[in-house]
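In what follows, a single structure is set out as structure tokens and then discussed.
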Number of protein chains: 2
Amino acid sequence: MTLNTPKADTTNVTTESIANALSQAIHEHRLAPGTKLGEDELSDIYRVSRTMVRAALQSLSHQQIVEIKRNRGAFVAQPSLTEAHEVFEARELLEPRTARSAALHATPDDIVLLNDHITQEHAALAAGDRGRALYLSGQFHLEIARIAKQQTIADMINVLIARSSLIIALYWRRESALCESQAHHALINAIADNNGTLAEELMQSHLVDLHSALNLHELPPVKQNLKAMLSGDPTA
Amino acid sequence: MTLNTPKADTTNVTTESIANALSQAIHEHRLAPGTKLGEDELSDIYRVSRTMVRAALQSLSHQQIVEIKRNRGAFVAQPSLTEAHEVFEARELLEPRTARSAALHATPDDIVLLNDHITQEHAALAAGDRGRALYLSGQFHLEIARIAKQQTIADMINVLIARSSLIIALYWRRESALCESQAHHALINAIADNNGTLAEELMQSHLVDLHSALNLHELPPVKQNLKAMLSGDPTA
DNA sequence: GCGCACAATATTGTATACAATAAACTTCTT
DNA sequence: AAGAAGTTTATTGTATACAATATTGTGCGC
């Protein structure tokens, strides 16, 4: 298990900080889907009792990035392909309108911040930190949701983005796990121009594009190969 | 505190059953917004230790129908007016498409079940059980989400419906806290006819109508009266 | 060598104990 | 009488202990 090493000062560890650390590790693909998250192990790592670990895990379970199986333990979630499609479908329903609203609400500071995000993402890539770049790519979408000034929908998008990270880990076959930089730049420009209609359209096509990277997996070549191997090899 | 009386058999009490019982009590307005939910009190009622009560309360907190204030306790949530608008706005974004999808997926059994819901709702009203009628009115929307066969979005709608119940308790001024029966009947007919476009439009206007019952509160007549009273009465 | 039964161990679920914090109550000062 | 300060009590936060369940390891029979 590869996590953020807890800081030497453990007096301020809260269930929230534990949950956030685990969430980030999952988001950056440092914790793979299916990974067992043992309570004792985590309480050793974070130097707190199991009580706080359990609360953190429950919180992550409600975010649907951890699955708690009664009497068996907690595991990094493994969304099914159906769930994968549902998550992106939900994003296609929510995020274009959010982008439209963001275009109507954005301040110059917001635009600076969005551009900073892309800069940091490129810096992380250049430094070979793909997990960090992936995390920032997702955060870009969350920033747009924040700018849109609709907290209820932003909360929903937050959960969907987190789950998207797991889905990418499981079902993604493109070279890059990141959103295309051009799509994000175009979104920033539309938002900066306060062009709600364009922002909405760009986000829609961006998400349809992301979703299409999953569709390719409904007939995976690997699955066909296994089937051929099993029917041809009696040692299976 | 008025809750479901726990059954004499307490061997099967789980954190989930506690959370569900509390959720239903909140939904039916038996627990009003702002109500203190003390851990010791609940553990006495449900005859379990505080551990399980805390887990149940945390679960409800993630559903945003309970607010946990550190070192102060748990309270039935009191959504702000802003949150109220956001919740209905989110529903306006999600539920029309869900209704459309439900119209494409519905089976005859689904239609029977939806009609049963309205029947039960009327029976509850006739029996004077307004809380139950309110709960069933909300469940009607959840059933449509279930029929739509998109669990991710249905989960979101579930949370929004629960929060709607609190919002109705706080900000509703119509005679009836229920959705209008005609709107629900029309929805059933559109869904039964597999008319996705009509179902979507009907749900849209239904939710806009519900939302407008909140809008009335942004310039409430009561507030104007209070202002007039305060400026004319020096005893304030 | 494989499969099954049993024992030992590990882990999760829950209760209880202790610590920390807030709320309520009492006393003192002005 | 009102407000502030101090004390007591109640409640929440967290750790620890015990119970329940699952997993792993070992021995035996075929």
Side-chain angles (χ1 to χ4, degrees), chain A residues 1-3 6-22 26 31-78 234-236, chain B residues 1 3 6-22 26 31-78:
Chain A
M1 199 183 294
T2 309
L3 302 173
K7 301 191 177 179
D9 177 14
T10 59
T11 55
N12 294 328
V13 178
T14 62
T15 64
E16 184 180 358
S17 65
I18 295 171
N20 286 341
L22 290 173
I26 291 168
L31 288 182
T35 304
K36 174 86 187 274
L37 304 174
E39 297 177 0
D40 272 345
E41 198 169 358
L42 290 175
S43 75
D44 286 344
I45 289 171
Y46 291 106
R47 300 182 192 169
V48 293
S49 75
R50 282 173 49 220
T51 312
M52 289 174 70
V53 166
R54 291 176 65 83
L57 290 174
Q58 187 181 356
S59 178
L60 294 174
S61 166
H62 285 107
Q63 284 191 293
Q64 302 190 352
I65 59 176
V66 162
E67 183 178 14
I68 294 178
K69 300 176 185 176
R70 185 175 177 91
N71 292 331
R72 283 165 172 61
F75 303 83
V76 178
Q78 295 176 287
T235 63
Chain B
M1 199 182 290
L3 301 172
K7 302 190 177 179
D9 178 14
T10 58
T11 54
N12 294 327
V13 177
T14 61
T15 63
E16 184 180 358
S17 66
I18 295 170
N20 286 341
L22 291 173
I26 291 168
L31 288 182
T35 305
K36 173 85 187 275
L37 305 173
E39 297 178 358
D40 272 345
E41 198 169 357
L42 290 175
S43 74
D44 286 345
I45 289 172
Y46 291 106
R47 298 181 194 170
V48 293
S49 74
R50 281 175 46 221
T51 311
M52 289 173 72
V53 165
R54 291 176 64 83
L57 290 175
Q58 188 180 355
S59 179
L60 295 174
S61 167
H62 285 106
Q63 285 190 291
Q64 302 190 351
I65 59 176
V66 162
E67 182 178 15
I68 294 178
K69 301 176 185 175
R70 186 176 175 89
N71 293 329
R72 282 163 175 63
F75 303 82
V76 179
Q78 294 175 288

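Here is how names work: the chains are called A, B, and so on, in the same order as the sequence lines, proteins then strands, and each is numbered from 1.
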- Task: Any chance you could list the contact pattern along nucleotides 5-15 of chain D? Use B for base contacts, S for sugar-phosphate-only contacts and - for none, protein heavy atoms under 4.0 Å, 5' to 3'.
- Result: ------SBBBB
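- An end-to-end axis angle of 10° holds for the helix from C/dG1-D/dC30 to C/dT30-D/dA1, taken from five base pairs per end and rounded to 10°.
- None of A/Thr14, A/Thr15, A/Asn20, A/Leu22 except one satisfies the side-chain contact (heavy atoms from CB on, under 4.5 Å) rule with A/Ile18; the exception is A/Leu22.
- Contact between B/Gly34 and B/Phe75 at its shortest, heavy atoms only, is O-CD2, 3.7 Å.
- Partners of B/Glu67 according to the side-chain contact (heavy atoms from CB on, under 4.5 Å) rule, which considers only residues two or more places apart in sequence or in another chain, are B/Lys69.
- Under the side chain to side chain donor-acceptor pair (under 3.5 Å) criterion, A/Thr51 pairs with A/Ser49, not counting sequence neighbours.
- Atoms CG and CG, from B/Leu60 and B/Leu31 in turn, are 10.0 Å apart once rounded to the nearest 0.5 Å.
- In this structure A/Glu39 satisfies the salt bridge (charged side-chain N to carboxylate O under 4.0 Å, His left out) test together with A/Arg50, A/Arg54, sequence neighbours excluded.
- Residues meeting the side chain to side chain donor-acceptor pair (under 3.5 Å) test with A/Ser59, sequence neighbours left out: B/His62.
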